[in-house]
Amino acid sequence: MRITTWNVNSIKQRVGHLLAFLDEAKPDVVCLQELKCQDDAFPRAEVEGAGYAVETLGQKAYNGVALLVRAPLAVSEVRRGLPGDPEDEQARYIEGLVAGEGVAPVRVASIYLPNGNPVASAKYPYKLAFLERLRRHARRLMEAETALVLAGDYNVIPEPEDAADPAAWTSDALFLPQSRAAFRTLLAEGLTDGLRACDPRPGLYTFWDYQAGCWPRNLGIRIDHLLLSPQAADRLVSASVQKHLRGLDKPSDHVPVTVELSDG
DNA sequence: ATGACATGGATCCCATGA
């Protein structure tokens, strides 16, 4: 089972790239972030036409997440929204149980963690609180011992080697010690960073800013992650970054990241 | 010298992002 996470930065702008990617890579599950549209504006017919079931949690203009599941696999037990704050109106979390004939089930979440900048604003405590809510929810899900993959745009640079120029990020919400500590605390629940487990090399990035020639100069950061529970990590076969999509016309500033799990 | 931002909403600039 191949599971991909991709922040598309507007699904309406990126539907062509998405359909081409589905056709070329044939991932079994795709976790999308930053749809930037409401549910009724999602290009459902096109994606279903490519062979995928579609579950969305949209929002006007900002945020928005989705799960795509390729037949013959099916998705059930869909949960919209991260537990722990009934006041939270932002569309940043969707989860479902993916299963099929001859495949051990995997619970998959598509997560769009808050950016958290500016650090002096309420956005930063919201980010830290969201990470803590995610930790608590992950702990609860892991108690069932079903394979679990928490995939998405975490907006956290875990280590200095995950940025081409770490010094440029020292006071940014993506790389502040508190942000990195909260991410490590989440990992300490027993989660494995799927990409890092497969590829220890520095210089592995998933995001390049549109500005200042970051892409041609390869000034990237690694902020899109797939975190695997022990049952999922036991099935980890490979992980990769689909970097070429950043070089297309009108790209997202993020590229897809994919893990492959064995069937059982 | 390099290379110089994108998206959506309601404008004719702003909020947001990372």
Side-chain angles (χ1 to χ4, degrees), chain A residues 5-18 21 31-43 56-66 88-93 110-131 134 151-183 195 203-225 241 243 245-257:
Chain A
T5 182
W6 191 11
N7 179 323
V8 289
N9 187 19
S10 169
I11 188 60
K12 283 190 263 185
Q13 294 298 321
R14 229 63 66 197
V15 61
H17 288 346
L18 174 65
F21 173 71
C31 302
L32 299 176
Q33 301 91 34
E34 280 211 84
L35 304 180
K36 293 189 171 180
C37 69
Q38 293 174 310
D39 291 329
D40 58 7
F42 187 94
T56 62
L57 178 61
Q59 179 182 336
K60 189 175 183 176
Y62 304 115
N63 309 316
V65 288
D88 188 357
E89 305 274 327
Q90 300 188 30
R92 295 181 176 275
Y93 185 93
S110 177
I111 304 161
Y112 178 44
L113 243 108
N115 172 303
N117 285 305
V119 171
S121 73
K123 293 182 178 185
Y124 192 57
Y126 172 64
K127 174 182 191 154
L128 294 178
F130 195 98
L131 271 161
L134 182 59
D153 175 1
Y154 278 76
N155 271 315
V156 173
I157 303 167
E159 300 294 336
E161 56 264 38
D162 296 314
D165 183 12
W169 296 93
T170 46
S171 58
D172 192 285
L174 277 66
F175 194 55
L176 278 180
Q178 268 186 285
S179 307
R180 295 174 58 201
F183 184 76
L195 181 62
L204 210 50
Y205 309 132
T206 66
F207 168 92
W208 295 260
D209 198 290
Y210 290 121
Q211 301 186 66
C214 284
W215 167 246
R217 295 195 289 164
N218 195 29
L219 296 178
I221 51 177
R222 190 174 74 94
I223 55 175
D224 299 273
H225 310 299
V241 180
K243 185 176 177 179
L245 293 180
R246 188 61 178 79
L248 301 179
D249 283 337
K250 301 283 285 180
S252 171
D253 39 9
H254 298 250
V255 295
V257 185

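Numbered from 1 within each chain, the chains take letters A, B, ... in sequence-line order.
- Remark: A:R14 is in phosphate contact with B:dT7, judged by side-chain N or O atoms under 4.0 Å from OP1 or OP2.
- When rounded to the nearest whole Å, the span between CZ of A:R246 and C1' of B:dC5 equals 9 Å.
- Taking the six-membered ring for Trp and thresholds of 30 and 60 degrees, A:H225 and A:Y154 have ring planes inclined between 30 and 60 degrees apart.
- At the phosphate of B:dA6, neither OP1 nor OP2 sits under 4.0 Å from any side-chain N or O atom of A:N9.
- Between the side chain of A:N115 and the base of B:dA18, a donor-acceptor pair under 3.5 Å is found.
- Atom pair A:L176:CG and B:dA18:C1' shows a separation of 13 Å (rounding to whole Å applied).
- Residue A:Y154 is out of contact with every strand shown, counting any heavy-atom pair closer than 4.0 Å.
- In this structure, A:S10 reaches the B:dG8 phosphate: one of its side-chain N or O atoms is under 4.0 Å from OP1 or OP2.
- For A:D153 and B:dT16, the CG to P distance is 17 Å, given to the nearest whole Å.
- For A:K123, counting side-chain heavy atoms from C-beta on, the closest listed nucleotide (B:dA18, B:dT16, B:dC5) is B:dT16.
- A donor-acceptor pair is defined here as one N or O able to donate and one able to accept, closer than 3.5 Å; such a pair exists between the side chain of A:Y210 and the backbone of A:D253.
- Spacing between atom OH of A:Y112 and atom P of B:dT7 amounts to 14 Å, rounded to whole angstrom units.
- Distance noted for atom P between B:dA10 and B:dA15: 14 Å (whole Å).
- Residues A:Y126 and A:S121 bring no donor and acceptor atom of their side chains to less than 3.5 Å of each other.
- Under a 3.5 Å cut-off, the side chain of A:Q59 and the backbone N or O of A:L57 do not form any donor-acceptor pair.
- Between A:Y210 and A:W169, the residue anchored closer to the 5' end of DNA chain B is A:Y210, taking for each the nucleotide with the nearest heavy atom.
- Note on A:N7: only backbone sugar-phosphate atoms sit closer than 4.0 angstrom, heavy atoms only; bases stay farther off.
- B:dA4 sits 23 Å from B:dG8 when the C1' atoms are compared, rounded to a whole Å.
- If you run side-chain hydrogen bond (donor to acceptor under 3.5 Å, both in side chains) between A:D153 and each of A:T206, A:N7, A:N115, A:T5, only A:N7 comes through.
- Straight-line distance from the NE2 atom of A:H254 to the C1' atom of B:dA18: 7 Å, rounded to whole Å.
- Close to B:dT7, at under 4.0 Å from its OP1 or OP2, lies a side-chain N or O of A:K250.
- If you take CG on A:L176 and OG on A:S171, they are separated by 7.0 Å, rounding to the nearest 0.5 Å.
- The side chain of A:E34 sits closest to B:dG17 out of B:dT7, B:dG17, B:dG9.
- The same atom, P, is picked in B:dA6 and in B:dA18; the two are 16 Å apart, to the nearest Å.
- Mapping A:D209 and A:A61 onto DNA chain B by nearest heavy atom places A:A61 at the nucleotide closer to the 5' end.
- When rounded to the nearest whole Å, the span between NZ of A:K12 and P of B:dT7 equals 12 Å.
- Taking 4.0 angstrom as the limit, A:Q211 places none of its side-chain polar atoms (N or O) nearer than this to OP1 or OP2 of B:dG17.
- A sub-4.0 Å separation between OP1 or OP2 of B:dG17 and a side-chain N or O of A:N63 is absent.
- Comparing B:dG9, B:dT7, B:dA18 by their closest approach to the side chain of A:I223 singles out B:dA18.
- Backbone-only contact: A:N155 has heavy atoms under 4.0 Å from sugar-phosphate atoms and none from a base.
- Remark: A:Y62 is not in phosphate contact with B:dA6, judged by side-chain N or O atoms under 4.0 Å from OP1 or OP2.
- A:K127 places a side-chain N or O within donor-acceptor distance of the main-chain N or O of A:N155, the cut-off being under 3.5 Å.
- Taking atom CD of residue A:Q33 and atom C1' of nucleotide B:dT7, one finds them 17 Å apart after rounding to whole Å.
- Note: CZ (A:R217) to P (B:dG3) measures 9 Å, nearest angstrom.
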